[in-house]
Participant: 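Following this message is one structure expressed as structure tokens.
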Amino acid sequence: MKGTFTKNFNPLITFEHKRDTYGFAVRPQHLQRYREYSNIYKVEEEERSDRWEDFLERQAESAQSPVNGISEEEGNAASHTEAKIQEADTVVEKTLQEGDTIVDKTLQEADTIVENVEEASSGSKSAAEDPVENVPEQEEASAEKDTKMHKVQIWTHIRPSLISIEDMMSFRVKKRKNLLNEEQGVGRKNNLSVIEEERPSKGAPEEDSEDEFYDMERSDPVQDTSSLDNVNSSSGGDAVSPEPFFPWKVELESLVRGGVPMALRGELWQAFVGVKARRLDGYYHGLLATEVNAQSDKDFVSASNGTSKGSNTGGRCANEKWKGQIEKDLPRTFPGHPALDEDGRNALRRLLTAYARHNPSVGYCQAMNFFAGLLLLLMPEENAFWTLVGIIDDYFDGYYSEEMIESQVDQLVLEDLVRERFPKLVNHLDYLGVQVAWVTGPWFLSIFVNMLPWESVLRVWDVLLFEGNRVMLFRTALALLELYGPALVTTKDAGDAVTLLQSLSGSTFDSSQLVLTASMGYQTVNEARLQELREKHRSSVIAAMEERSKGPCVRKDSLGLASKLYSFKNDHGPLTKEANAAEGLGDLQTNGDLCPLELIGDTDADSLPDLQEQVVWLKVELCRLLEEKRSAVLRAEELETALMEMVKQDNRRQLSAKVEQLEQEVAELRQALTDKQEQERVMLQVLMRVEQEQKLTEDARRFAEQDAAAQRYAANILQEKYEGAMASLAQMEKRAVMAETMLEATLQYQSGQVKAVQSPRAVHRDSSTVQPTQEPAQDIPTRKISLLSRPFGLGWRDRNKEPIEGNINESGQSTVTLQKDTNGQQ
Amino acid sequence: MATSGNKNINAKLVLLGDVGAGKSSLVLRFVKGQFVDFQESTIGAAFFSQTLAVNDATVKFEIWDTAGQERYHSLAPMYYRGAAAAVVVYDITNQASFARAKKWVQELQAQGNPNMVMALAGNKADLPDARKVTTEEAQTYAQENGLFLMETSAKTAINVNDVFYEIAKRLSQAQQVQNPSGMVLMDRATEKATSSSCCS
Ligand SMILES: Nc1nc2c(ncn2[C@@H]2O[C@H](COP(=O)(O)OP(=O)(O)O)[C@@H](O)[C@H]2O)c(=O)[nH]1
Ligand SMILES: [Mg+2]
């Protein structure tokens, strides 16, 4: 049977794609991978449901040996389904009974319970139809009913088929309780003690887990399963009757490692934590009822928590403080989760408030809101309360208290383990200046909630709660570092390393791989080993703590020695025991818890039962501290030299890198230089060629100019000569005309004479007398030809040198030469 | 040598302050530019990284957003040790958160890196009607203690980037003054970053 919460938060139906089957938000960057894996999850879930069903059936058959009344009843049940129906009835009865007792206390809640009876029966019927597997359908069926009323189901027993498991686990709780009762007796730190005194029969969870671990170390652990030894080992001195042997425990363990079916998870977790053995009737409601008469109640709380460190601010104040913090965190717990509506948040508020009142030395610590929220999704409110009590008070004792000492110790222990297992990775992280604890601290404090995908978180919780200690935290962290170490080694700076580890772990969807790597690969990491390492580190954590509180915080400083004394004795129980095997301290030990309050308070009269003993003890402490200091100084020196070495090495590496680089550059420059020179040479050649060409063209130009000038000159001369020639031609023509006229005149004269004499013309022309006159007539055409042919004649240039006027003046003469020429031609 | 002038600085930055002052919201705004009404509570610490360019330098912030609850205080030194910068956040609508911020400043002055660049961020400046801490009061305190004050709003983004930008600027200036010997781890990392960019 699950509470309203469980039914409401509904696998597989109608969640926005941004939420997973549990209703939790999936980060956008993971959506794709989530979708890939959701089918694998479905298959896995079916398989494990079958396996568990089979296991539980066999359990039911073999449950003849009556461990308690209910299992007898269950033993008769022939089949699982029958058992379920029966169980449903039981639940109704129980709820009714419960209702009766509570009605007196809170009027408001009485209604709720009456309604719850209905709800419980309907819910259980639907569950009975479909006992283990096929969660979605079952949830759907019940979801309808739930929507109409959304009330708190206060308390339900787990289904009978799981009771033998619960019984087995209860031995763990009872044994622990007995040990504590034996050793401590008085000076209880939480409210249960007050009530316990009134009802000696009912036990209460205790916080001092060290005792249990001592016990464990004695019982020689078989292979890895220290937790199971723990469950099994019958410690002879105990008042509890020797534990029966559970032959199916190994099988159960492997089933748990394979995962718990969703439908059984809430109940199995309760069984693992041993809720039944822890529960006190009415205690939860009692805690909540105090709200009504607030003032008196707070006095009650502060009175009862004499040993709590928070009490030095006064009970009331502390209480107010939780309230504010719880209020702030309510909307910041799985924001937007469909089950965490107003009723859901109210339940969350009640749960956290009740826990804070139950254990004022822890009060409220951030992270618990997520645990409480998760538990409320899986089980009814009061069941969730007792589960939370078990987890915080037992499993995580000293973790979430004001100093968080165990949390710091665990980080040092983990660092040791990581150094041992992954030296290369640690080397690299050291080099980058990354502390593993930066990342793993939040992992541990949140028990991986919001750090891994939900499926993986739940699987880790399955194993952790089953084992009854924090071993699984370490194993999971180591497995994650194993998985992602190779990638981390490639990172170049601190930021990248942390980012990578955060994002890789955030997408560890392969939950089976994770859980199996963790629980199979790190079996030597067991509770005994962890305790050993914790012892080693605890003192340094406390010392650092004290050192720091000396600083700015005046309030703590005023407590001074007293608070130191207290913290050594209280938080540090086993260590001091070890350190002071000397007798008389036993006394102090028992009184120890009361000590600080009295010191802080008004009087110190009865707080110092034996001053001398205390002095002795303080001396021992002082010696030890001095020794520690010395070793710390030594270690610091060592580290410093190591650091110097590293830095030097680093510088050397850098320098050599630089030298290399410079050399390379020089080579490059040289290359460039030769290249340049080559280029220059080529350029020079080109230049020379160009110059030569230029010279040539210059010459050519000059010649051309000279030519041009000469031609121009020649042309001028020609022109002149032509003109001269024309002039002389004209003259010649005139002369020729004159000569002709003269010739005509002569001829006329002659003819005049010849007429008279009558002489023929032709005979006269052939005669020698005619000869000179014949010349000019013949001359005219010849002269014209030679004039034209003249420029082409040889040696014309030389003749140009003749003065022009001479030419002109000697026109007569030139005709003579012409005549000569023509004569020559003839 | 190709990279003259541009420096790469890796700076660890830590956010401290009371529960609900808005540390996570400021980081979310700065790194992703988002704001959600209900930011999940921070358990232990959360890491983010973001790079900013100022003048002649590139500053890569390695941001640690811490849990605000007082008891988580004991884990804080792990995160502020070796940090080059801190943003101490308070909620202007909550006087107690301002008192808490002062305590953080005191602690950083006593225990932190003496060259640390410290900013005081008065967040939720978008709620002036609910204001309980005056600007003057905070300004006076900041001046007396050598921090710079900015009133921010993760919701409206006012002054959010500016805080980080101012820090980056101061870091890049401080870097110039410091000698570049490799003795301090933080410097060493920076050196390394610079030289590696040089070689590439
Ligand atoms: N109005 C307003 N609300 C803010 C602002 N910053 C944060 N908040 C709200 O204050 C609450 C606490 O913020 P958170 O970042 O978780 O604080 P942290 O505990 O310091 O990390 C959340 O509900 C935010 O939505 C802001 O600038 N303005
Ligand atoms: Mg936060």
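Order of the sequence lines fixes the chain letters, A, B, ..., with proteins taken first and strands second; residue numbering starts at 1 for each chain.
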Participant: Lys328(A) and Val19(B): which non-hydrogen atoms are nearest, and at how many Å?
Facilitator: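 Heavy atoms only, the tightest pair is NZ-O, 3.1 Å.
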Participant: Would you say the side-chain atoms of Tyr72(B) pair up with the backbone N or O of Cys365(A), donor to acceptor, closer than 3.5 Å?
Facilitator: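 Looks like no, no N/O pair under 3.5 Å.
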Participant: Measuring from Glu402(A):CD to His73(B):NE2, what's the distance to the nearest 0.5 Å?
Facilitator: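 If I round to the nearest 0.5 Å, the distance is 11.0 Å.
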Participant: Please determine, among Ala46(B), Gly68(B), Ala45(B), Ser49(B), the option with the most heavy-atom pairs under 4.5 Å with chain A.
Facilitator: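 Option with the greatest count: Ala45(B).
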Participant: Checking Phe444(A) against chain B: side chain, backbone, both or neither under 4.5 Å from a heavy atom?
Facilitator: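 Looking at Phe444(A), nothing touches chain B.
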Participant: Contact between Arg81(B) and Gln435(A) at the side-chain level, heavy atoms closer than 4.5 Å - yes or no?
Facilitator: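 When only atoms from C-beta onward are counted, Gln435(A) and Arg81(B) do touch, with a gap below 4.5 Å.
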Participant: Hey, what do you get for CD (Gln325(A)) to CG (Asp18(B)), rounding to the nearest 0.5 Å?
Facilitator: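 Taking CD in Gln325(A) and CG in Asp18(B), the distance rounds to 8.0 Å.
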Participant: Within a radius of less than 6.0 Å around CD of Gln29(A), do more than 12 heavy atoms belonging to other residues, nucleotides or ligands occur?
Facilitator: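 Yes, CD of Gln29(A) has more than 12 neighbouring heavy atoms, counting only those of other groups under 6.0 Å.
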Participant: As an exercise, state the distance from CD of Glu403(A) to OG of Ser74(B), rounded to the nearest 0.5 Å.
Facilitator: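 Reported to 0.5 Å precision, the distance equals 8.0 Å.
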Participant: I need the Gln366(A) CD to Thr42(B) OG1 distance, nearest 0.5 Å.
Facilitator: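 If we round to the nearest 0.5 Å, Gln366(A):CD and Thr42(B):OG1 are 7.0 Å apart.
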Participant: Measure across Asp496(A) and Lys60(B) and return the closest heavy-atom pair with its distance rounded to 0.1 Å.
Facilitator: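 Heavy atoms of Asp496(A) and Lys60(B) come nearest at OD1-NZ, 2.6 Å.
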Participant: Using the test ring pair (Phe, Tyr, Trp, His ring centres under 6.0 Å), find all partners of His30(A) that sit at least two apart in sequence or belong to another chain.
Facilitator: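 For His30(A), the residues satisfying ring pair (Phe, Tyr, Trp, His ring centres under 6.0 Å) (neighbours in sequence not counted) are Phe509(A).
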Participant: For residues Asp329(A) and Ser41(B), report the shortest heavy-atom separation together with the two atoms involved.
Facilitator: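 Of all heavy-atom pairs spanning Asp329(A) and Ser41(B), the closest is OD1-OG, 3.1 Å.
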Participant: Taking everything shown except Gln95(B) itself, do over 12 heavy atoms lie less than 6.0 Å from its CD?
Facilitator: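 Yes, because the 6.0 Å sphere around CD of Gln95(B) holds more than 12 heavy atoms from other groups.
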Participant: Please work out which of the three classes, parallel, tilted or perpendicular, describes the rings of Trp438(A) and Tyr79(B), given edges at 30° and 60°.
Facilitator: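 Correct class here is tilted.
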Participant: Taking Arg71(B) for its side chain and Val362(A) for its backbone only, find out whether a donor-acceptor pair lies under 3.5 Å.
Facilitator: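 Yes.
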Participant: Would you mind reporting whether Ile43(B) and Val449(A) have side-chain heavy atoms less than 4.5 Å apart?
Facilitator: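 No, side chains not in contact.
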Participant: Among Thr333(A), Val498(A), Asn369(A), which residue forms the greatest number of heavy-atom pairs with chain B at distances under 4.5 Å?
Facilitator: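 The answer is Val498(A).
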Participant: Salt bridge check: are Glu40(B) and Arg332(A) linked by an N-O gap of less than 4.0 Å?
Facilitator: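 Judged by the 4.0 Å cut-off on N to carboxylate O distance, Glu40(B) and Arg332(A) do not form a salt bridge.
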Participant: Show your reasoning for whether side chain to side chain contact (heavy atoms under 4.5 Å, CB included) applies to Glu62(B) and Thr499(A).
Facilitator: CA-CA 9 Å; Glu62(B) 295 162 4; Thr499(A) 307; over 6 Å; no
Participant: If you count heavy-atom pairs under 4.5 Å with chain B, which of Gly441(A), Pro331(A), Ser446(A) comes out on top?
Facilitator: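 The option with the most such pairs is Pro331(A).
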Participant: Can you run down the ring-ring contact (aromatic ring centres under 6.0 Å, His included) pairs that involve residues 18-42 of chain B, sequence neighbours left out, and say none if there aren't any?
Facilitator: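 Residue pairs passing ring-ring contact (aromatic ring centres under 6.0 Å, His included), neighbours aside: Phe30(B)-Phe164(B).
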